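Reading through the structure tokens given below for one structure.
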Amino acid sequence: MLAFTAFFVVPVIWLLIAPTKTDHQLVFENPMAFGSFHTFLQTWDKMYDFQAHELLAWLENSALYSVGGVLLALACAVPAGYGLALTEFIGRKVLLSITLLVMIMPASALVLPLFLEMNLLQLENTAWSVVLPFGFFPFGVYLSYIFFSSTIPKELLARPGSTVAASGGSSAGLLCHWPGP
């Protein structure tokens with residue numbers, strides 16, 4: 001177990017130490033030795049000045065795509081999982097089966113159809129072309145389905161003094177009042 005941990009931790013430590021060294025020190029000295037803070041500041045300045053501060057645009061895009069994808073995934077997956085877990089409707093099992101089927105589909109098989117959809121909607125080269133595919137995440141739907149079906153007893157929906165009854169009798173009121181995962 002210790003060797004397995006070292007296999008993954010040592011490269012991360014080296015990545016943190018490497019910017020503190022000059023090119024010569026990287027090649028000829030101990031790879032795990034610390035260089036100097038002066039070299040670290042020079043490396044950071046070179047990286048920051050690269051292509052007129054392009055690093056800031058990369059960080060901004062990464063934050064936008066990550067936060068946008070997570071918020072869209074939560075906005076879609078939680079209500080979908082809640083609805084699948086607590087309501088009985090025609091086609092529910094088929095929908096759950098399709099969700100499981102989409103989860104095992106390799107992402108590379110979806111590249112061309114996603115590109116064609118984004119091209120049809122004229123969304124290529126926009127932030128939406130990155131956020132939308134990540135926002136509709138079948139594993140999130142299935143995970144929230146498992147969470148809601150295992151934590152909310154169905155008797156709670158019909159009980160007169162329950163949160164559902166207090167919120168006007170709708171199960172959407174229970175979703176708003178039930179503690180999240």
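All values reported here derive from a predicted model rather than from experimental measurement. Computed over heavy atoms, backbone and side chain alike; hydrogens, waters and symmetry mates excluded.
By the 30° and 60° cut-offs, the orientation of the rings of F8 relative to F4 is perpendicular.
Remark: W58 CH2 is packed, more than 12 non-hydrogen atoms of other residues, nucleotides or ligands lying under 6.0 Å away. Within 6.0 Å of the CZ atom in F89, the count of heavy atoms belonging to other residues, nucleotides or ligands exceeds 12.
Residue S149 holds its OG atom at 12.5 Å from OH of Y82, rounded to the nearest 0.5 Å. A distance of 12.5 Å separates CG of L143 from OG1 of T99, quoted to the nearest 0.5 Å. The distance from the CZ atom of F139 to the CG atom of L100 is 10.5 Å, given to the nearest 0.5 Å. D49 CG to W44 CH2: the interatomic distance, rounded to the nearest 0.5 Å, is 10.5 Å. Considering CG of D45 and CZ of F40, their distance stands at 10.0 Å, rounded to 0.5 Å.
Taking all atoms of both residues into account, the shortest heavy-atom contact from Q25 to T20 is OE1-O, 4.2 Å. Residue I17 comes nearest to F34 through the heavy atom pair CG2-CA, 4.0 Å, listed as atom of the first residue, atom of the second, then distance. S144 approaches G81 most closely through the heavy-atom pair OG-CA, 3.2 Å. In plain terms, the two heavy atoms of C76 and F136 that are nearest each other are SG-CE2, 3.3 Å.
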Working for side chain to side chain contact (heavy atoms under 4.5 Å, CB included), residues S129 and T126: CA-CA 6 Å; S129 64; T126 65; 4.2 Å; yes
Could you go step by step and tell me if V10 and M32 meet the side chain to side chain contact (heavy atoms under 4.5 Å, CB included) rule? CA-CA 9 Å; V10 169; M32 298 305 282; 4.2 Å; yes
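V102 and F137 fall into different hydrophobic clusters, defined by Ile, Leu, Val, Met, Phe, Trp and Tyr side-chain heavy atoms under 4.5 Å apart, directly or through other members. Placement of M118 and V131 within a single hydrophobic cluster is found when ILVMFWY residues are connected by side-chain heavy-atom separations under 4.5 Å, directly or transitively.
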